[in-house]
Amino acid sequence: MSTETNIRIVLAARPQGRPKPSDFRIESVGITQPGEGELLLQILYLSLDPYMRGRMNATKSYAKPVEIDGVMEGGTVAQVVRSRHAGFAEGDIVLSHSGWQGFALSDGVGLRKLDPAAAPVTTALGVLGMPGFTAYAGLLTIGQPKAGETVVVAAASGAVGSAVGQIARIKGARAVGIAGGADKCAFVRRELGFDAVVDHRADNFAEQLKAACPDGIDVYFENVGGPVWDAVFPLLNEFARVPVCGLIAQYNTIAASAADRLPTLMQQVLYRSLTIRGFIQREFVDQRPVFYRDMAGWMASGQVRYREDIVDGLENAPQAFLGLLEGRNFGKLIVRVAQ
Ligand code: NDP
């Protein structure tokens, strides 16, 4: 295993609207050796997630943007290849936040050791990691699904949505998924066991969604926004809960729509006693231990399944990420950086 050169992908330009390959740049730099109390990590897997689109903008958000010429941010599974840190040995596999690169130095802060015998290490980036936790905490804390209620989630074949629907079913609710295309819909219905699924690309999507939710919608776990939200909104029942997790359909939008729909939205929030509550998963950090316990148990019993979409080679990360923003991934998107 050579540790001579680090390949990394940096932000070359801030995208206007949809990002382009030229907004990224691949660089080759030397590797700095770890000092006392540090360790050198070799990245094995890089998670690609929708939030990275927000980090490419300079606008104020819940997290700092990536600087121009800065390494793109991202969650990673890595192996310790050199350790001068008492808590880590060479060969340890860890969850880190090392970004889009082949090697990274760490002082050990924020690393979590992974046990490859307990679960495939890639699951620490998906179903047993940040996306799975997002689904768990957002659905159970804000959505609070009850037996017999209807829970709807979009991007239902993806890392967050797939967990949302399966947890809803574990809680006795009826899970209705929304996904793009026949293959994803078949997977959500047959493999994940959702009660119904609707293709948001269908011409009569809104009608199909209404037919799939004959008793209305009690919980809508918002992952996408845009036209999907427009179809969901009229179907929300009195006292419906809407955890607002993500708005991927809007991430490349430069200007908001001219039509001011806020008065109508607020009127309906009032008339139907709706709860619409945004969240960032880290606010629920104290729930992580119970999440790991519950999710590992559900996976062991077969109640939660997952799908990963693994792309080979760090150099393919930009293209894979652009695909994620257009629904070309099928499952949790991960880049295999090294064997
Ligand atoms: P996914 O693995 O589900 O990938 C994104 C999916 O979004 C695509 O595969 C596609 O699925 C769907 N999509 C993309 N563009 C559109 C569009 N224009 N209209 C409708 N659907 C679209 O991603 P994740 O599961 O990782 O993330 C899902 C959501 O959760 C994102 O919005 C993300 O930002 C959010 N999130 C929020 C967190 C928080 O703390 N609040 C933490 C983690 C994620 P399809 O082809 O089926 O439409």
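Since this is a predicted model, take the numbers as computed values, not measurements. For ligands, and for the atoms within them, numbers begin at 1 and follow the listed sequence.
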Heavy-atom side-chain contact between Leu140 and Ile167 under 4.5 Å: yes

Nitrogen or oxygen atoms of Gln281 and ligand 1 under 3.5 Å apart: yes

Nearest protein heavy atom with distance in Å, relative to atom 30 (O) of ligand 1: Asn223 OD1, 3.3 Å

Aromatic ring pairing Phe205/His200, orientation class (parallel under 30°, perpendicular over 60°, tilted between): perpendicular

Glu326 and Arg18 ion-paired at < 4.0 Å: yes

Partner of Asn237 by side chain to side chain contact (heavy atoms under 4.5 Å, CB included), out of Val219, Thr150, Asp218: Asp218

Identity and separation of the nearest protein heavy atom to atom 21 (N) of ligand 1: Val224 CG1, 3.5 Å

Protein heavy-atom partner closest to atom 13 (N) of ligand 1 - residue, atom, separation in Å: Ile248 CG2, 3.6 Å

Short N or O distance, Thr134 and ligand 1, threshold 3.5 Å exclusive: no

Pair Arg84 + Glu36: basic N to acidic O under 4.0 Å: yes

Contact (N/O only, under 3.5 Å) between Arg328 and ligand 1: no

Atoms of ligand 1 close to Gly246 [distance to a heavy atom under 4.0 angstrom, numbered from 1]: 32 (O), 35 (C)

Sub-3.5 Å N/O-N/O distance, Ala249 and ligand 1: no

Leu325 and ligand 1 - part of the residue with a heavy-atom distance under 4.0 Å: backbone

Nearest candidate to atom 34 (O) of ligand 1, where distance is taken over non-hydrogen atoms, out of Phe221, Trp229, Tyr251: Tyr251

Under 3.5 Å: N/O of Phe279 near N/O of ligand 1: yes

Polar contact flag for His200 and ligand 1 (N/O pairs, less than 3.5 Å): yes

Donor-acceptor contact below 3.5 Å, side chain Arg55 vs main chain Glu73: no

Residue portion contacting ligand 1 (non-hydrogen atoms closer than 4.0 Å) for Met130: side chain

Heteroatom proximity flag, Pro50 to ligand 1, N/O under 3.5 Å: no

CZ/Arg53: more than 12 non-hydrogen atoms of other groups inside 6.0 Å: yes

For ligand 1, the portion of Ala159 having any non-hydrogen atom under 4.0 Å away: both

Side-chain ion pair, Asp69 and Arg25, N-O less than 4.0 Å: yes

Ring centre gap for Phe284 and Phe291 strictly below 6.0 Å: no

From Asn329, Val160, Leu333, Leu125 - option closest to atom 1 (P) of ligand 1 by heavy atom: Asn329

Which of the ligand 1 atoms, numbered from 1, are nearer than 4.0 Å to a heavy atom of Ala179: 47 (O)

same_hphob_cluster(Val71, Val335) at 4.5 Å side-chain heavy-atom cutoff: no

Contact check: Glu326 vs ligand 1, nitrogen or oxygen atoms, below 3.5 angstrom: no

For atom 47 (O) of ligand 1, closest protein heavy-atom neighbour: Gly180 N, 2.8 Å

Salt bridge Arg174-Asp195, side-chain N to carboxylate O under 4.0 Å: no

